[in-house]
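Residue numbers run from 1 in the order of the sequence given. Remember, it's 1-based here, ligands and their atoms both numbered in the order they're listed.
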Amino acid sequence: MVKLEFPKGFFWGAATSAHQVEGNNHNDWTEWEKENANRLAGEASRNNLPKHILDFYPDPLKPENYISGRACDHYNRFREDFDIAKSLNHNVHRFSIEWSRVEPEEGKWDEKEIEHYREVIRALREREIEPFVTLWHWTLPIWVAKQGGWENKKTIEDFARYVNKLVRSEGFVDVKFWITLNEPDDIYSIFSYFKGKYPPGKRSILKTAKVLKNLVAGHKTAYKAIHNSNPAAMVGFANNTIYFESRGLIAGIFKILANAFWNFWFLKKTLNHADFIGCNYYHHNVLRGLRYNQNKNEMITDMGWEIYPEGIYHVLKDLKKHNKPVYITENGIADSRDIHREKFIKEHLKWAHKAISEGVDVRGYFYWSLLDNFEWSEGFWPRFGLVEVDYKTMERRIRQSAYAYAKIAKENSLEV
Ligand code: FCB
């Protein structure tokens with residue numbers, strides 16, 4: 001038995017995002033859900049989902065599974081949820097602010113909603129849990145979506161105004177850690193504007209390029225706004241990072257390109273406007289010739305994603321050259337039966353520790369997610385939570401794996 005000690009003051013916690021947990025939002029996603037729920041339910045019925053997934057309520061074959069609705073009712077139950085996080089020894093929590101609540105109409109601030117998030121921050125501080133605040137986790141107010149979302153340059157100014165308003169408001173000024181954008185390039189731009197899988201469901205290289213450019217500008221203006229208000233703030237964005245492996249010469253070239261776009265493009269564009277690097281890690285991708293996703297898939301999650309903990313070591317090592325603190329802003333598993341989660345967390349932490357021991361300045365780990373929640377285009381059936389949510393009663397049940405993670409957090413070390 002070896003004890004792997006993590007650096008002093010290491011952050012241990014979990015992440016959520018507003019739309020996935022709060023309930024009763026009104027934004028571009030809620031509109032899109034209404035239009036797409038039937039289609040997604042139809043697609044799910046062709047996907048041969050295993051029984052342990054089909055057993056769930058809401059049933060993946062029913063359209064209501066794809067409507068965020070009440071979600072986890074975290075908007076009303078955040079204190080109870082933070083009590084759970086506290087009992088699990090979390091000392092940090094990542095959550096996002098819902099722009100559509102704060103500015104439901106252009107230029108009109110909803111002070112009640114700002115007060116709500118002030119309360120959220122206060123509730124975390126009362127429990128000695130450091131808030132890590134995401135300003136944009138994919139959803140847009142309806143008026144922003146109507147003007148073309150991130151396709152429209154005006155959204156950059158609008159986003160800056162929203163960020164300015166928040167960071168200058170009482171209760172927000174002393175928030176130290178800010179994440180401007182969640183997975184802006186690789187997931188959002190690609191899924192929303194290239195693959196057409198997420199709203200607004202477009203498929204255009206030109207639009208993808210435009211959105212990417214505007215998101216870079218959006219990040220930079222937000223970065224400046226936060227620093228103008230709080231020079232001591234630590235600001236970054238959450239980057240979706242994939243560990244690409246290549247087999248053969250052609251795949252080797254493919255890997256260089258894949259890395260350059262997927263893992264480093266946004267990062268390089270914003271490196272002068274980043275106090276830390278946020279690393280979301282879920283995927284390993286084996287390239288063979290010009291084919292991708294040639295993974296062995298020996299172990300997979302309920303989402304069908306390969307479990308490949310070693311990948312986190314490689315992506316962290318690749319970040320070392322930037323000489324910035326790194327936070328693992330997301331890493332997690334959909335595992336409805338909680339049979340792989342404990343091992344998943346431990347293995348990823350073991351590899352993250354190896355990266356730390358080789359000089360990568362990793363300062364925190366956020367498990368995705370604190371709660372089961374609404375998974376974008378999959379709906380409610382994927383169970384990512386340390387805490388199970390019964391969507392009928394909204395009851396919370398702490399999973400066994402959460403206790404294993406709590407022990408690691410308490411001891412700031414991992415036994416392997
Ligand atoms: C990430 C998203 C997060 C969640 C996880 C499973 O890409 O940032 O909101 O959906 O995937």
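- None of Glu330, His90, Arg341, Arg94 except one satisfies the side chain to side chain donor-acceptor pair (under 3.5 Å) rule with Tyr367; the exception is Arg341.
- When each atom of ligand 1 is checked for a heavy atom of Tyr282 under 4.0 Å away, the hits are 1 (C), 5 (C), 6 (C), 11 (O).
- Side chain of Asn214 to backbone of Ile156: no donor-acceptor contact under 3.5 angstrom is found.
- Nearest protein neighbour of atom 7 (O) of ligand 1, counting heavy atoms only, is Glu183 OE1, 2.6 Å.
- Close contacts of ligand 1 with Gln20, meaning ligand atoms under 4.0 Å from a residue heavy atom, involve 3 (C), 4 (C), 9 (O), 10 (O).
- The protein heavy-atom contact nearest to atom 2 (C) of ligand 1 is Glu330 OE1, 3.4 Å.
- Distances between N or O atoms of Glu375 and those of ligand 1 include at least one value under 3.5 Å.
- Here CH2 of Trp12 is found 5.0 Å from CG of Leu349. Values are rounded to the nearest 0.5 Å.
- Taking the six-membered ring where the residue is Trp, the centroids of Phe177 and Tyr327 are separated by under 6.0 Å.
- Of the candidates Ser68, Pro63, Pro199, Glu33 forms a side chain to side chain contact (heavy atoms under 4.5 Å, CB included) with just one, namely Ser68.
- Distance CZ/Arg161 to CD/Glu103: 4.5 Å, rounded to 0.5 Å.
- Listed by atom number, the atoms of ligand 1 under 4.0 Å from Asn182 heavy atoms are 8 (O).
- Using a non-hydrogen distance threshold of 4.0 Å, Met303 does not register as a contact of ligand 1.
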